[in-house]
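In what follows, a single structure is set out as structure tokens and then discussed.
Within every chain, numbering begins at 1; the chains are lettered A, B, ... in the order of the sequence lines, protein sequences first and strands thereafter.
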Protein chains: 2
Amino acid sequence: MAQRGPYAKGLAKREEILQTALEHFAVKGYDRVSVREIARECGLSQAGLLHHFSSKEELFLEVLRRRDDRNGEPFVPEHVHSVDRLIGAVDRNADEPGLVRLFVTMSAESTSVESPAHAFFEERYAWLSEQIAEDVRQHQERNEISADLDADSVAALLIAAADGLQLQWLLRPDRIDMSGLLTSLWNMLRTVSAAESKPRDPRR
Amino acid sequence: MAQRGPYAKGLAKREEILQTALEHFAVKGYDRVSVREIARECGLSQAGLLHHFSSKEELFLEVLRRRDDRNGEPFVPEHVHSVDRLIGAVDRNADEPGLVRLFVTMSAESTSVESPAHAFFEERYAWLSEQIAEDVRQHQERNEISADLDADSVAALLIAAADGLQLQWLLRPDRIDMSGLLTSLWNMLRTVSAAESKPRDPRR
DNA sequence: GTCTATATTTTGATAGAC
DNA sequence: GTCTATCAAAATATAGAC
């Protein structure tokens, strides 16, 4: 049924479209890619492609969803080792510049309410922040990180660094070691004592 | 000559256009704003606007350039207190969500070689990294930060955090204190001893 | 400096044949 | 499932009048 079922051909084509679309959206951004362009690359007409996805926006959202579920890993409560998972994901991303560019570009664009990806990224950040903060709290309970640090702040900094490093890496791939730098940061955060890191006057 | 010169009117209109364009690009992104839209807002026709700027792209680049020169501050060598200046800039940005959105969106888009802003942001990052790293080195010479830390890495992390925090702030303005968090990070980096922050195996 | 008018291109989406 | 044909709606840029 999987190989010869009535939908086998359609599903295969659907996958090819999603992969091609990912590459194009990643390189040029949502607005600069036309459905025609993706279709041609897949050996289809524009109308032929839109048989599989009812609109450009739906195609785009499906691309995002497809690449978002690296959550897998069953039998482990989600937040356990979330920071390590974040670092691992960043590390793997170093082999997929297209995917990185897609998420960097789209998360930035998503800050506009008009973006088709607005809801998607809003939920994603809320989920990720909570996962990381919970992991930080567990480290605190085990005295592996200062209990006086604010877990939500640490989470925000880690996620910010991950995002910002990916941006820099896209511009200068050979000069930025994303996962190495993120690991350094995580190690530093764990060795810092809270008393030393109280905010001072932010202005010069 | 400045007020009544033959170009006074043209220059004033030019400024109005640049300001309006900034707001629109910031909210909707380069591709989702039409020249017509900006023109109407300025009480001009599309052709009327394009009398001042030969193309949409040129208008856009001029907007970026205009908002980039907060370098000013004469009589101080550029790199001195660069980190404090970075924090100060982030702090001021909290009053200008439009400007933040413009730079976040455009720096992300600029990672594509096809982006009109590619060269602009490439140069900007190279310049900023060098400024921050040099400031870090000066702190190291004064023993205010561990000499064993790599100045370029610290610079990369600070810039990454600044960029990433701005992204998160756009999505959840009330939950992210950009300059406060960045200040915390800077303080932590200065109190960390290098021996404790040696990289370990990045994978779990 | 600003307008109207227009040329040219491109896009997303639909209808209907095969 | 895929194609051809077509529509309608944008957009940028230019020409030329005032």
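Considering only side-chain N and O atoms, A:His51 lies nowhere under 4.0 angstrom from the phosphate OP1 or OP2 of D:dC3. Proximity of A:Ser45 to the phosphate of D:dT4: no side-chain N or O atom is located under 4.0 Å from OP1 or OP2.
In this structure, the CD1 atom of A:Ile38 is 8 Å from the P atom of C:dG12, given to the nearest Å. When rounded to the nearest whole Å, the span between NE2 of A:His24 and C1' of C:dG12 equals 17 Å. Between the CG atom of B:Leu49 and the P atom of D:dA11 there is a distance of 14 Å, rounded to whole Å. Put simply, CG on B:Leu50 is 13 Å from C1' on C:dC3, counting in whole angstrom units. Distance A:His52 NE2 to C:dA13 C1': 16 Å, rounded to the nearest Å. One interatomic measurement links the two molecules: CG of A:Leu59 to P of C:dA13, which rounds to 10 Å at whole-angstrom precision. In this structure, the CZ atom of B:Phe53 is 12 Å from the P atom of C:dG1, given to the nearest Å. For B:Arg32 and D:dA10, the CZ to P distance is 15 Å, given to the nearest whole Å.
Not a single donor-acceptor pair, N or O on each side, falls under 3.5 Å between the base of D:dA11 and the side chain of B:Gln46.
No side-chain donor-acceptor contact under 3.5 Å links B:His139 to the backbone of B:Glu144. Although no hydrogens or angles enter the test, the distance criterion places no donor-acceptor pair under 3.5 Å between the side chain of A:Lys13 and the main chain of A:Leu49. Using modelled atom types, one side-chain atom of A:Gln168 and one backbone atom of B:Ala156 make a donor-acceptor pair closer than 3.5 Å.
Proximity note for A:Ala47 (side chain, C-beta onward) versus C:dT4, D:dA5, D:dA13: the nearest is D:dA5.
Under 3.5 Å, the side chains of A:Glu23 and A:Gln19 contain a donor-acceptor pair of N or O atoms.
Comparing A:Leu44 and A:Arg36 by the nucleotide of DNA chain D that holds the closest heavy atom to each, the one mapping nearer the 5' end is A:Leu44.
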